[in-house]
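Reckoned from all heavy atoms, side chains included, excluding hydrogens, waters and symmetry mates.
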Amino acid sequence: MSIEGGPMKFIEEIKMEYAKVTWPNKEEVKNATIIVAAMSVALSIYLGVFDLIASRLLDVLVSSFGG
C-alpha cells in the first residue's frame with residue numbers, strides 16, 4: 001500500500017486489503033476464549049503455588065541463617 005495516489009486511492013487499497021481478511025466464526029471465537037481463560041487460570045495457579053513455595057523456602061532460609 002502507498003499513499004502516492006492520494007487519500008482516496010489509499011482508502012480504496014485499505015478496502016481491498018480488508019476484503020481479504022478471514023474472520024473467525026462464532027464457534028472458533030468461543031473455543032479460543034475458553035482456551036485463553038483456561039490457560040490463564042492454570043498459569044495463575046502455577047505461579048501462585050510457585051510463589052507460595054518460594055516465599056516459604058525464603059522464610060526458612062532467612063530464619064536458619066539468623067536473619
Side-chain angles (χ1 to χ4, degrees):
M1 282 197 271
S2 67
I3 56 173
E4 293 176 7
M8 293 308 290
K9 173 128 173 84
F10 181 67
I11 291 172
E12 287 299 319
E13 289 177 1
I14 290 173
K15 286 180 183 177
M16 288 185 336
E17 291 298 318
Y18 188 74
K20 296 177 188 177
V21 174
T22 304
W23 297 101
N25 62 32
K26 192 174 186 175
E27 189 68 23
E28 290 170 334
V29 172
K30 184 180 101 179
N31 289 338
T33 302
I34 291 170
I35 290 170
V36 168
M39 292 302 293
S40 296
V41 169
L43 185 61
S44 297
I45 292 169
Y46 173 77
L47 290 175
V49 169
F50 179 79
D51 182 55
L52 181 65
I53 292 170
S55 65
R56 297 273 170 96
L57 182 62
L58 188 60
D59 287 342
V60 168
L61 289 175
V62 168
S63 64
S64 295
F65 293 107

Indicate every side-chain donor-acceptor pair of residues 35-55 with a distance under 3.5 Å to a residue at least two apart or in another chain.
{"from": "S40", "atom 1": "OG", "to": "V36", "atom 2": "O", "distance (Å)": "2.8"}
{"from": "S44", "atom 1": "OG", "to": "S40", "atom 2": "O", "distance (Å)": "2.8"}
{"from": "S55", "atom 1": "OG", "to": "D51", "atom 2": "O", "distance (Å)": "3.1"}
{"from": "S55", "atom 1": "OG", "to": "L52", "atom 2": "O", "distance (Å)": "3.0"}

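Among residue pairs with one or both ends in residues 20-34, those qualifying as side chain to side chain donor-acceptor pair (under 3.5 Å) are E17-K20; sequence neighbours excluded.
Each of K9, K15, M16 was scored for a side chain to side chain contact (heavy atoms under 4.5 Å, CB included) with E12, with one residue passing: K15.
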